[in-house]
Amino acid sequence: MEEDFYCGCAYHGKKVDFASCGYAPRKNAERASRIEWEHVVPAWVLGHQRQCWQNGGRKNCTSTDPVFQMAEGDLNNLVPAVGEVNGDRGNLSYGAWTRHPTPMYGQCQTIVDFKNRRVQPREEVRGRAARITLYMHDRYGLRMSSQDRQLMCAWAKSYPVDEWERTREERIVALQGSGNPYVSDPQQLARRCG
């Protein structure tokens with residue numbers, strides 16, 4: 001399962017294999033060459049509404065808030081990503097605005113709209129991203145706009161659970177003791193999204 005989330009690049013250890021996916025660094029070749037663990041729901045979203053964030057940001061939440069600690073380390077929310085894409089994504093929201101993205105990272109189909117502060121992930125992971133996002137918002141009581149909820153529900157329905165997600169789910173449950181009900185129980189999605 002050594003495949004980067006946003007571009008489909010193979011990796012070994014922390015080293016990204018650019019040739020496996022046609023990746024070309026946009027700006028930061030050093031960061032692009034390594035895998036980082038991306039929070040699908042960014043740490044900023046997990047924490048900025050919490051008191052610990054108001055009193056010292058992420059570092060304070062990580063050291064003082066057990067709920068934030070659990071959310072930040074929830075394996076359901078962590079995916080391997082090319083470091084440069086992870087950095088460019090930052091805490092930007094997901095969106096969809098073009099069927100024919102102009103690639104920013106070689107052949108990678110994930111694009112970042114810095115001006116409008118949004119990211120369009122490649123189609124192959126939109127359902128995965130949506131199910132993770134819905135799970136994290138439900139599990140940790142995070143607020144979500146109706147527009148984001150509509151998009152996540154649409155993606156979760158349009159891009160069904162695949163074998164990669166099922167295997168990942170089994171591994172997360174074995175390690176963490178709990179998984180993502182939107183992956184393991186299709187009825188959960190129907191109840192959440194109609």
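Since the model is a prediction, treat every value here as computed from it, not as a measurement. Hydrogens, waters and symmetry mates are skipped; everything else that's a heavy atom, side chains included, is used. Numbers here simply count residues along the sequence, with the first being 1.
Rounded to the nearest 0.5 angstrom, Gln188 CD and Asp185 CG are separated by 5.0 Å. Between Arg171 atom CZ and Gln176 atom CD the span is 15.0 Å, to the nearest 0.5 Å. Interatomic distance, Arg58 CZ to His48 NE2, rounded to the nearest 0.5 Å: 14.5 Å. Of the inter-residue distances, the one linking Glu169 atom CD with Tyr182 atom OH reads 13.0 Å to the nearest 0.5 angstrom. Note that CG of Leu92 and CH2 of Trp44 are 10.5 Å apart. Values are rounded to the nearest 0.5 Å. Taking CG from Asp113 and OG from Ser93, the interatomic distance works out to 12.0 Å, rounded to the nearest 0.5 Å.
Considering only heavy atoms from C-beta on, Phe68 stays 4.5 Å or farther from Tyr140 through its side chain. At a threshold of 4.5 Å between non-hydrogen side-chain atoms, the residues Asp4 and Val16 do not count as touching. Considering only heavy atoms from C-beta on, Met104 comes within 4.5 Å of Phe114 through its side chain. Side-chain contact check for Tyr94 versus Thr133: some heavy-atom pair is nearer than 4.5 Å. Between Met136 and Arg139 there is no side-chain heavy-atom pair separated by less than 4.5 Å. Residues Leu134 and Met144 are in side-chain contact: their nearest non-hydrogen atoms beyond the backbone lie under 4.5 Å apart. In this structure, the side chains of Arg131 and Met152 stay at 4.5 Å or more apart for every pair of heavy atoms. Proximity of Gln69 to Glu72: side-chain heavy atoms (C-beta onward) are nowhere separated by under 4.5 Å.
Of all heavy-atom pairs between Arg168 and Leu75, the closest is NH2-O, 3.1 Å. Between Cys9 and Val82, the shortest heavy-atom contact is SG-CG2, 4.1 Å. Heavy atoms only, all atoms of each residue included: Val79 and Val40 are closest at CG2-CG2, 3.8 Å. When all heavy atoms are compared, the tightest approach of Gly179 to Pro181 is O-CD, 3.5 Å. Closest non-hydrogen pair, Trp37 versus Leu78, comes out as CE3-C, 4.2 Å. Nearest heavy atom pair, residue Val67 against residue Asp65, reads N-OD1, 2.9 Å.
Here Asn91 pairs with Arg117 under the side-chain hydrogen bond (donor to acceptor under 3.5 Å, both in side chains) rule; sequence neighbours left out.
Within the structure, no pair that satisfies the salt bridge (charged side-chain N to carboxylate O under 4.0 Å, His left out) test touches residues 147-159, not counting sequence neighbours. Sequence neighbours left out, the pairs with a member in residues 34-88 that pass disulfide bond (SG atoms under 2.5 Å apart) are Cys52-Cys61. Listed by first then second residue, pairs satisfying salt bridge (charged side-chain N to carboxylate O under 4.0 Å, His left out) with a partner in residues 77-93 read Arg26-Asp88, Glu38-Arg89, not counting sequence neighbours. Judged as a side chain to side chain donor-acceptor pair (under 3.5 Å), not a single pair has a partner in residues 7-18 (not counting sequence neighbours).
Cysteine sulfur proximity is satisfied for Cys7 and Cys108, their SG distance being under 2.5 angstrom.
For the pair Arg118 and Trp97, the cation sits on the ring face: its NZ or CZ lies under 6.0 Å from the ring centre, inside 45° of the axis. Annotation: cation-pi geometry satisfied between Arg128 and Trp164 (NZ/CZ under 6.0 angstrom from ring centroid, within 45° of ring axis).
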* Verdict with reasoning, Glu124 to Asp162, per side chain to side chain contact (heavy atoms under 4.5 Å, CB included) -> CA-CA 10 Å; Glu124 295 87 347; Asp162 58 22; over 6 Å; no
* Could you give me the CA-CA distance, side-chain angles and deciding distance for Asn77 and Asp74, then say whether side-chain hydrogen bond (donor to acceptor under 3.5 Å, both in side chains) is met? => CA-CA 6 Å; Asn77 191 38; Asp74 191 324; over 6 Å; no
* Begin from the C-alpha positions of Leu46 and Val41 and carry the test side chain to side chain contact (heavy atoms under 4.5 Å, CB included) through to its verdict. => CA-CA 7 Å; Leu46 301 175; Val41 175; 3.9 Å; yes
* To do: Decide yes or no on side chain to side chain contact (heavy atoms under 4.5 Å, CB included) for Gln120 and Thr110, but give the supporting numbers first.
  => CA-CA 6 Å; Gln120 179 174 292; Thr110 292; over 6 Å; no
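Listed for the Ser20 side chain is a donor-acceptor partner under 3.5 Å among the backbone atoms of Ala10.
Here Val161 sits in one hydrophobic cluster together with Val183; the rule is ILVMFWY side chains under 4.5 Å apart, joined directly or through other members.
Taking the six-membered ring for Trp and the full ring otherwise, the centers of Tyr105 and Tyr23 sit less than 6.0 Å from each other.
For the pair Glu163 and Arg166, the salt-bridge criterion is met [side-chain N within less than 4.0 Å of a carboxylate O].
The number of heavy atoms from other shown groups lying within 6.0 Å of CZ (Arg191) is above 12.
When the side chains of ILVMFWY residues are joined at heavy-atom separations under 4.5 Å, either directly or via intervening members, Val173 and Leu189 end up in two distinct hydrophobic clusters.
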